[in-house]
Number of protein chains: 2
Amino acid sequence: MSEDYKNMWKELGLDLEMHDALLEVLGKGYQDVFLSQKNRPEGMGYFDFVMSEVHGLRIKELMDEKKGGRKIIGSYCVFVPEEIALSGNATLIGLCAGADFALGEVEKVLPRNTCSLIKSTFGFKLGKVCPYLEASDMVVGENTCDGKKKAYEIFAEMVPNLYIMDLPQMKSDQGRALLKAEFYQFKEKVEELTGKTIDYPSLKTGIKTVNNKRRAIHRLSGLRKVDPAPISGLDALLANQIFFYDNPARFTESVHKICDELEKRIEEKTGAFASGTPRILISGCPMAVPNWKLPAIVETSGAVIVGEESCVGERGTRNLTDESGGSLEELMDAIIDRYFKVDCAIFTPNPDRLSHIEEMVGTYQADGVIHYGLQFCQPYSMESMSIENALKARNIRVLRIETDYSMEDAGQLRTRVEAFIELLK
Amino acid sequence: MSEDYKNMWKELGLDLEMHDALLEVLGKGYQDVFLSQKNRPEGMGYFDFVMSEVHGLRIKELMDEKKGGRKIIGSYCVFVPEEIALSGNATLIGLCAGADFALGEVEKVLPRNTCSLIKSTFGFKLGKVCPYLEASDMVVGENTCDGKKKAYEIFAEMVPNLYIMDLPQMKSDQGRALLKAEFYQFKEKVEELTGKTIDYPSLKTGIKTVNNKRRAIHRLSGLRKVDPAPISGLDALLANQIFFYDNPARFTESVHKICDELEKRIEEKTGAFASGTPRILISGCPMAVPNWKLPAIVETSGAVIVGEESCVGERGTRNLTDESGGSLEELMDAIIDRYFKVDCAIFTPNPDRLSHIEEMVGTYQADGVIHYGLQFCQPYSMESMSIENALKARNIRVLRIETDYSMEDAGQLRTRVEAFIELLK
């Protein structure tokens with residue numbers, strides 16, 4: 001890393017020693033998991049570059065944006081509407097929450113029975129190793145699950161620019177009214193932060209930009225329907241992860257470039273894995289960078305992942321925001337409608353999620369579903385049993401995994417995953 | 001038990017063998033925990049009788065009420081407004097959730113990492129041993145914590161007359177609007193169930209009845225301020241537990257009778273424990289019958305419990321509903337205001353709870369606080385650390401306990417509680 005980056009990190013208040021240690025682990029993990037894959041599309045070179053510069057060039061870009069008067073908003077959830085941030089002259093960035101860090105410090109302020117994602121959020125702050133968090137002019141927490149909702153109360157003491165967005169628990173009229181009030185309040189908050197009024201043209205542009213990013217991901221997902229799958233699940237997951245970090249327009253263009261290549265591979269019947277490889281759908285909790293444990297195990301155990309029913313995956317990206325509204329109010333309503341459809345397990349009841357899983361099994365010709373739950377994540381844990389029962393009733397094979405970010409159970413997981421894949425052959 | 005009861009239980013669909021086993025354990029537990037206490041007020045005889053008939057006479061009363069055209073509504077939470085139920089010609093009853101039952105069956109449908117209270121709710125249903133649940137014409141579930149919210153989705157498959165009440169997560173204008181909509185919907189639901197329209201006079205009467213019950217408990221609590229405390233924490237907890245089961249008017253009268261006796265004891269300086277006994281405030285998760293584990297350990301380890309900051313305690317009863325409203329709408333607003341004040345840990349932020357704990361420590365001259373958390377209860381677990389820090393900063397001693405309904409950790413708990421009490425001397 002260049003001296004420039006070191007100075008930038010120092011100015012952001014990072015702990016350089018810890019941060020170096022993190023980058024080393026991250027780099028090695030990336031090497032082991034991604035660069036060791038065979039038959040990768042060439043276009044993945046772009047994402048390899050993004051990942052190699054994820055705390056470097058991308059942060060420099062954000063700092064340059066800040067110098068130019070733009071604001072950076074950090075978020076931990078797909079419920080924070082990027083359309084509103086963009087149209088208010090702000091860049092929305094997904095914050096680091098995919099690896100254990102400073103666990104000893106974390107467990108001084110959070111109960112042990114807290115999921116890895118939340119512990120990671122705290123670890124990156126307490127360890128001072130997340131340049132995205134430190135570069136953010138505002139950080140948005142959301143009342144999704146109990147764990148996050150209550151943890152943000154403690155997080156607020158460490159992150160003075162934390163803004164809390166409330167969310168409904170039911171898809172009722174009152175629930176929608178609550179979301180509407182919150183999104184309008186968020187719009188005002190963004191305007192206050194950036195000094196820019198969000199108007200009809202800017203919101204329309206914001207919606208189009210985010211939709212285009214989603215459309216690119218839809219195109220990528222669509223190409224995974226064929227056998228042999230032209231791209232590994234790991235690489236597709238990476239694209240879904242970088243969705244939260246990269247410049248939107250450049251991301252969209254890069255994904256389309258990969259898709260052009262994948263279409264050629266499909267014509268030539270070139271796959272990331274051999275034709276006939278068992279096809280797995282992953283469903284459940286989000287996987288943030290660098291949480292690649294389970295997919296890496298699956299794809300080195302003789303199966304290919306063909307879809308992610310996840311916030312970092314189709315749950316997060318499948319719905320577009322209607323662009324046709326003729327007024328600011330209509331566009332805001334379209335945004336509210338779009339996010340109100342997200343079938344997160346925090347909603348009760350949440351039947352759309354099961355329908356979506358069943359639909360994805362058909363669309364992507366999956367031979368089985370692995371339900372991925374983070375330990376102590378009550379909403380997904382509770383849904384996992386009903387989902388397992390419902391899928392089994394339709395003769396769809398299911399493996400229910402509950403894990404965390406540690407590597408301690410990797411051997412055990414591999415044994416279970418291998419046995420499951422054997423059943424699918 | 002008489003043959004009449006057996007027939008009644010059979011008609012309710014109870015598993016008589018399992019139910020007998022439950023009653024035996026319950027009876028023995030009551031004997032060991034309550035009847036072995038020394039220096040009990042004579043008035044507790046009434047509660048001893050209530051407990052001895054908790055699945056007998058009280059159920060018979062409810063069945064008689066049903067024959068007379070009244071409806072029974074079961075609930076699991078202090079957010080369900082009893083005022084509305086009563087004024088709609090229905091009796092509100094707290095349902096069984098204080099003991100492990102049919103755990104093997106429960107863990108087939110619920111994740112292992114679920115709190116004992118929720119597991120117990122399912123256990124009493126799956127084991128067919130809760131006559132209150134089976135006698136209920138409608139059962140109300142509420143979206144409080146993630147665990148309950150998501151578990152009710154599964155519970156609905158076993159309890160076809162389950163009605164879900166949504167709740168807000170923040171004390172915002174939108175949050176209040178949501179609660180208002182839900183309470184009006186509940187009112188309509190009660191009217192639909194009973195065929196009786198809730199009008200101004202009936203609602204006013206309902207409010208007064210519930211307020212009178214609360215006032216009686218306030219009087220009882222107030223008498224616990226003195227040293228020596230005239231009543232044990234166990235007996236006071238029992239009164240708070242029976243609050244949810246008994247006929248409201250009779251309960252009110254019986255509590256006042258005990259208070260008359262306690263006032264005499266105070267004059268005579270007669271305490272349940274010797275003067276100078278270390279005084280403990282319990283704060284945290286609710287304790288439903290027969291969850292007496294922790295209080296029994298505390299009061300046989302040399303301390304007296306002088307207050308419960310709990311839903312089964314002051315959190316549930318401390319606020320009255322304003323009776324002065326001049327119209328149905330004003331009374332409904334008063335009910336909404338009253339319940340919106342409840343400082344349950346499901347709210348974020350929830351500063352009132354800490355203030356209330358601090359206030360209670362002063363009012364009841366507590367020497368220390370035991371924070372009682374159920375394992376896997378995220379909202380209270382998350383708050384417990386901040387509360388411990390805040391109280392310690394005020395030089396108030398705190399012991400943080402996390403447990404479940406099993407007796408496996410009783411020895412360990414006793415050791416910790418004894419050590420804590422030593423510190424208070």
So which of Ser386(B), Ser384(B), Pro379(B), Gly373(B) has the biggest tally of heavy-atom pairs under 4.5 Å with chain A?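 Among Ser386(B), Ser384(B), Pro379(B), Gly373(B), the one with the most close pairs to chain A is Pro379(B).
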Listed pairs under 3.5 Å, donor-acceptor, residues 143-156 of chain B side chains, sequence neighbours left out:
{"unit_1": "Asn143(B)", "atom_1": "ND2", "unit_2": "Asp166(B)", "atom_2": "OD1", "d": "2.7"}
{"unit_1": "Thr144(B)", "atom_1": "OG1", "unit_2": "Glu142(B)", "atom_2": "OE1", "d": "2.7"}
{"unit_1": "Asp146(B)", "atom_1": "OD2", "unit_2": "Asp146(A)", "atom_2": "N", "d": "2.6"}
{"unit_1": "Lys148(B)", "atom_1": "NZ", "unit_2": "Tyr76(B)", "atom_2": "O", "d": "2.9"}
{"unit_1": "Lys148(B)", "atom_1": "NZ", "unit_2": "Glu142(B)", "atom_2": "OE1", "d": "3.4"}
{"unit_1": "Lys148(B)", "atom_1": "NZ", "unit_2": "Glu142(B)", "atom_2": "OE2", "d": "3.4"}
{"unit_1": "Lys149(B)", "atom_1": "NZ", "unit_2": "Gln169(A)", "atom_2": "OE1", "d": "3.0"}
{"unit_1": "Lys149(B)", "atom_1": "NZ", "unit_2": "Ile346(A)", "atom_2": "O", "d": "2.6"}
{"unit_1": "Lys150(B)", "atom_1": "NZ", "unit_2": "Ala345(A)", "atom_2": "O", "d": "2.9"}
{"unit_1": "Lys150(B)", "atom_1": "NZ", "unit_2": "Phe347(A)", "atom_2": "O", "d": "2.8"}
{"unit_1": "Lys150(B)", "atom_1": "NZ", "unit_2": "Glu383(A)", "atom_2": "OE2", "d": "2.6"}
{"unit_1": "Lys150(B)", "atom_1": "NZ", "unit_2": "Glu153(B)", "atom_2": "OE2", "d": "2.9"}
{"unit_1": "Tyr152(B)", "atom_1": "OH", "unit_2": "Glu142(B)", "atom_2": "OE2", "d": "2.5"}
{"unit_1": "Glu153(B)", "atom_1": "OE2", "unit_2": "Thr348(A)", "atom_2": "OG1", "d": "2.7"}

Any side-chain to backbone donor/acceptor pair from Gln378(A) onto Gln378(B)? Under 3.5 Å, distance only. no
Could you report the tightest heavy-atom contact between Leu110(B) and Met382(A), atom names first, then the distance?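 Between these two residues, the closest heavy atoms are CD2-SD, 3.8 Å.
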Relative to chain B, which segment of Met170(A) carries a heavy atom at a distance below 4.5 Å: side chain, backbone, both, or neither?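 For Met170(A), backbone and side chain are both near chain B.
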Count the heavy-atom pairs under 4.5 Å between each of Pro168(A), Ser172(A), Ser381(A) and chain B, then report the option with the highest count.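 Heavy-atom pairs under 4.5 Å are most numerous for Ser381(A).
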With the side chain counted from C-beta on, respond yes when Asn113(A) and Glu402(B) share a heavy-atom pair under 4.5 Å apart, and no when they do not.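 Yes, close enough: below the 4.5 Å cut-off.
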Counting only non-hydrogen atoms closer than 4.5 Å, can you tell me which residues of residues 175-190 of chain A sit against chain B? Ala177(A), Leu178(A), Ala181(A)
Under 4.5 Å from a heavy atom of chain A, the part of Asn350(B) involved: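 The answer is both parts of Asn350(B).
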